[in-house]
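Here is the structure we will look at, set down as structure tokens.
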Amino acid sequence: MKTLILGSGNGSNAASIITASKQSLLGPTEIVCIISDVSTSGILKVANENDIETQFVEAGSPKHKLSGEFETKWIEIIRKYNPDLIVMAGFMRILERSFLNNFKDIIINIHPSLLPSFKGLQAIEKAFERGVKITGCTIHWVNDEVDGGQIIAQAPVRIMDGDTCEIVRSKVQAAEHMLLPWVIGDLANGNIPFPSS
Ligand code: GRF
């Protein structure tokens, strides 16, 4: 399963996927490339340290979207890898329908809340400020509704009295690092079906 990872941030989720892959926990998964819209991002460093092919591709403005000529460029580059699976691991841009139509039913995203609660940015902060006692992370198929695609898997995290927002963040990230490789492995092994299969 040719797997391509998109990210803009630290790359801790990408690192968890790479670690699981090295431990042969991801079945027939091959990480073909990690692409980022941020040249200085941690995710590109993580990839380089692990000898995984990288691409930095400019994505222009507005900062929260991939559109216009930039979108065309991204589609062209990604198509060359002919991926079976695209993982949004902290990719901070909304993909529009024109992009999704090119990679139908093969894009998953990880979101740091129990969807459908706390969609969008600052999900951990929103959950913490709302005072919920259980939050977590969600992996879902990507469609043109932000954080609105079919849910694949979720992992819960308890918020205890006295937890700070930073503590909650580290718990949610630990849950992400467990869940995302698990889902990729199950997709690769056929235990989780692709929507169009
Ligand atoms: C994760 O918390 C993910 O849920 C969100 O962005 C963050 C990326 O973190 N979409 P990292 O770059 O994988 O460390």
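Nothing fancy with the numbering, it's 1 onward along the sequence. Indexing begins at 1, ligand by ligand and atom by atom, following the structure's order.
- Proximity of G11 to ligand 1 is established by a heavy-atom distance of less than 4.0 Å.
- Here the closest heavy-atom approach between residue R93 and residue G60 is recorded as NH1-O, 2.9 Å.
- Here the CG-CD1 distance, from L187 to I108, works out to 5.5 Å after rounding to the nearest 0.5 Å.
- Given atom 14 (O) of ligand 1, the protein heavy atom at minimum distance is S12 OG, 2.5 Å.
- For ligand 1, the polar-atom distance check against N109 finds no nitrogen or oxygen pair separated by under 3.5 Å.
- For the pair P28/N189, a side-chain contact is recorded, criterion being any heavy-atom separation below 4.5 Å from C-beta on.
- Nearest non-hydrogen protein atom to atom 9 (O) of ligand 1 is N13 ND2, 3.8 Å.
- Below 4.0 Å from some heavy atom of G9 lie the following atoms of ligand 1, by number and element: 12 (O).
- Given atom 10 (N) of ligand 1, the protein heavy atom at minimum distance is I110 O, 3.1 Å.
- Classification of K119 and E145 as a salt-bridged pair holds, one side-chain N sitting under 4.0 Å from a carboxylate O.
- Residue A89 has no nitrogen or oxygen atom sitting less than 3.5 Å from a nitrogen or oxygen atom of ligand 1, judged on distance alone.
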>> Checking N13 against V87 for the side-chain contact (heavy atoms from CB on, under 4.5 Å) test, could you report, in this order, the C-alpha distance in whole Å, the side-chain angles of both residues, the deciding distance, and whether it holds?
In response: CA-CA 10 Å; N13 278 287; V87 181; over 6 Å; no
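- Taking every heavy atom of both residues into account, I134 and P156 meet most closely at CG2-CB, 4.0 Å.
- Below 4.0 Å from some heavy atom of G90 lie the following atoms of ligand 1, by number and element: 6 (O), 8 (C), 10 (N).
- Between E166 and R169 there is a salt bridge, with a side-chain nitrogen of the basic residue lying less than 4.0 Å from a carboxylate oxygen of the acidic one.
- E176 OE2, 2.3 Å is the protein heavy atom nearest to atom 4 (O) of ligand 1.
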